[in-house]
Number of protein chains: 2
Amino acid sequence: MGKGEETRAAVLDRAVDVARRLGLNGLTIGSLAEQAELSKSGLFGHFRSKEALQLQVLAHARTGFEVAVARPALRTPRGEPRLRKLFDLWMDWDALPGGCPFVAASTEFDDRPGAVRERLVRDQRDMIDMIATVFRTGVAEGHFRDDADADQFAQDMYGVILSRHHYLRLLDDERADQRARHAFEALLHAVRRIPSD
Amino acid sequence: MGKGEETRAAVLDRAVDVARRLGLNGLTIGSLAEQAELSKSGLFGHFRSKEALQLQVLAHARTGFEVAVARPALRTPRGEPRLRKLFDLWMDWDALPGGCPFVAASTEFDDRPGAVRERLVRDQRDMIDMIATVFRTGVAEGHFRDDADADQFAQDMYGVILSRHHYLRLLDDERADQRARHAFEALLHAVRRIPSD
DNA sequence: CCAAGAAGAGCACGACCGTGCGGAAAGCAC
DNA sequence: GTGCTTTCCGCACGGTCGTGCTCTTCTTGG
């Protein structure tokens, strides 16, 4: 890895941190340069426009998600264990300082057409589709009822994550975690093969 | 109502629209003045700072929520009917162009301390507490199990609203509504007095 | 209808934004 | 170690931001 790639990666690390807290618009070139201890133009040279920077921040964040959430989950046994692991890791990922950067970016760009929005839609769709896919393998394993709707489950589970995100970050409610886990258990209970208890 | 109040209200109407789409930061004085057909300084005179403008936008949006959601819901018979009405109206409110302005503002300000954030926390807490309160009257009416946790229900229901918000606005998924209603029915089913079926 | 006061326009300010250029300094291949 | 290439800085630009001043125009109470 040449010098260029090295500093670019370091800058992107900082940039994702900022994007978590302030979003992709709050991410300004001047302040980012300051944090990275580079001159504004020095930093700018690595990305040829602000939009390109935002796109690379998204790509970098996506890689982080894959490393911290997706891949470890997929290394867990198929079915319910994998789904649980996915949920747990996702919660951890969203509990990093600033929260999930995709959540912040989503509300920022849901009404701003352009390349950033398109990229964001793709990433979010992939992330959410992953829930549905993992759920379907759970059906195939016989853990979940085979008349259960995987897309319904994905939307429900993402709702649990999102409300916990808001409760935790805006309302500072320390019981948010516990309630989110309770809600997830209820979702699982509703789709289990042989509902007991 | 004097002339001042009149134009200020008109400006705030436009401002809430903008805040729905672009958030409270995307809301810029110059562009707002343009839309309101006022000079920048003419508009600025009504609010003595940008922060004051943002606070008044929040207050205006809250009034809108009360008129469109809270009050009509409270005019509906207590218990499950009222809770259903609350959910339906909330969904309509969030389906207005740009979506619920509080959702946009929440992710923007969850990491920006200050008066705006504090006001936002108060408003959001009130809105969500309303769910719990309506739910509790449903328990008192005998519609819901009296061992059901109202705060848990509130967080769950808000999650349904939030995930629908994302699916609808970012992902353009037209089945989001249907799934949200299905999820709400499932929530109701789980807390009903005598679980049947 | 007239005067006091409010509402709004015009203009300017310092700060920061994203962006570009030219030169210095560092990294790197041979 | 020399020479080319990449990396980075200094500086400047046009534009927009929030804010404040002064001055004109309108509204409104008596």
Side-chain angles (χ1 to χ4, degrees), chain A residues 1-19 21-58 60 104-105 108-109 111-117 119, chain B residues 1-19 21-58 60 104-105 108-109 111-117 119:
Chain A
M1 179 162 63
K3 181 80 189 312
E5 289 299 312
E6 193 175 323
T7 63
R8 217 192 83 227
V11 166
L12 283 177
D13 278 343
R14 301 289 310 145
V16 171
D17 281 357
V18 175
R21 277 180 277 265
L22 308 179
L24 287 177
N25 290 328
L27 183 66
T28 173
I29 297 202
S31 72
L32 184 58
E34 207 168 341
Q35 290 182 46
E37 288 174 317
L38 257 71
S39 74
K40 233 173 47 158
S41 60
L43 184 143
F44 185 80
H46 287 279
F47 319 90
R48 302 200 317 226
S49 73
K50 173 148 190 191
E51 195 180 47
L53 167 64
Q54 292 173 326
L55 289 171
Q56 292 193 41
V57 169
L58 284 181
H60 201 69
E108 266 187 293
F109 281 86
D111 268 303
R112 300 186 199 237
V116 176
R117 197 199 121 103
R119 171 82 205 214
Chain B
M1 180 163 63
K3 181 80 188 313
E5 289 298 312
E6 192 175 323
T7 63
R8 216 191 86 228
V11 166
L12 284 177
D13 279 342
R14 301 290 309 145
V16 171
D17 280 358
V18 175
R21 277 178 277 266
L22 308 179
L24 286 177
N25 290 328
L27 182 65
T28 172
I29 297 200
S31 72
L32 184 57
E34 207 168 341
Q35 289 182 45
E37 287 174 317
L38 257 72
S39 73
K40 231 173 49 158
S41 61
L43 185 143
F44 185 79
H46 286 281
F47 320 90
R48 303 202 315 225
S49 73
K50 171 145 192 195
E51 195 180 49
L53 167 64
Q54 291 173 326
L55 289 171
Q56 292 193 42
V57 168
L58 283 181
H60 202 68
E108 266 187 292
F109 282 86
D111 268 303
R112 300 185 200 241
V116 175
R117 196 199 123 103
R119 171 82 205 214

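Lettering of chains follows the sequences in order, A, B, ..., and the numbering in each one begins at 1.
In this structure a side-chain-to-backbone donor-acceptor pair under 3.5 Å is missing from B:Gln54 to B:Val116.
Side-chain atoms of A:Ser41 and base atoms of D:dG10 include a donor and an acceptor less than 3.5 Å apart.
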Residues A:Phe47, A:Arg8; criterion side chain to side chain contact (heavy atoms under 4.5 Å, CB included); working and verdict | CA-CA 9 Å; A:Phe47 319 90; A:Arg8 217 192 83 227; 3.7 Å; yes
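One finds a side-chain N or O of B:Thr28 lying less than 4.0 angstrom from the OP1 or OP2 phosphate oxygen of D:dG18. Phosphate proximity of C:dG8 to B:Thr7: present, with a side-chain N or O under 4.0 Å from OP1 or OP2. For A:His46 and D:dT6, the shortest distance from a side-chain N or O to OP1 or OP2 is not below 4.0 Å.
Distance, B:Glu5 CD to C:dG8 P: 11 Å, rounded to whole Å. Spacing between atom CG of B:Leu27 and atom P of D:dT16 amounts to 17 Å, rounded to whole angstrom units. Atom NZ in A:Lys40 sits about 11 Å away from atom C1' in C:dA15, given to the nearest Å. C:dC17 atom P lies 11 Å from atom CG of A:Leu32, rounded to whole Å. Between the CG atom of B:Leu43 and the P atom of C:dA9 there is a distance of 9 Å, rounded to whole Å. The separation between B:Phe44 atom CZ and D:dT22 atom C1' is 16 Å, rounded to whole Å. B:Gln54 places its CD atom 11 Å from the C1' atom of D:dG18, with the value rounded to the nearest Å. If you measure from atom CD1 of B:Ile29 to atom P of D:dG18, you get 5 Å, rounded to the nearest angstrom.
Residues A:Val11 and A:His46 are not in side-chain contact: their nearest non-hydrogen atoms beyond the backbone lie 4.5 Å or more apart.
One distance of note links CZ of B:Arg14 with CD of B:Glu37; it measures 9.5 Å at 0.5 Å rounding.
Around the CD atom of A:Glu34, the shell of radius 6.0 Å holds no more than 12 heavy atoms that belong to other residues, nucleotides or ligands.
At a threshold of 4.0 angstrom between heavy atoms, the contacts of B:Ser39 include nucleobase atoms, whether or not backbone atoms are also involved.
Both A:Arg48 and A:Ser31 sit near DNA chain C, but only A:Ser31 has its closest nucleotide nearer the 5' end. Remark on DNA chain C: of its neighbouring residues A:Glu51 and B:Leu38, the 5'-side contact belongs to B:Leu38, judged by nearest-heavy-atom nucleotide.
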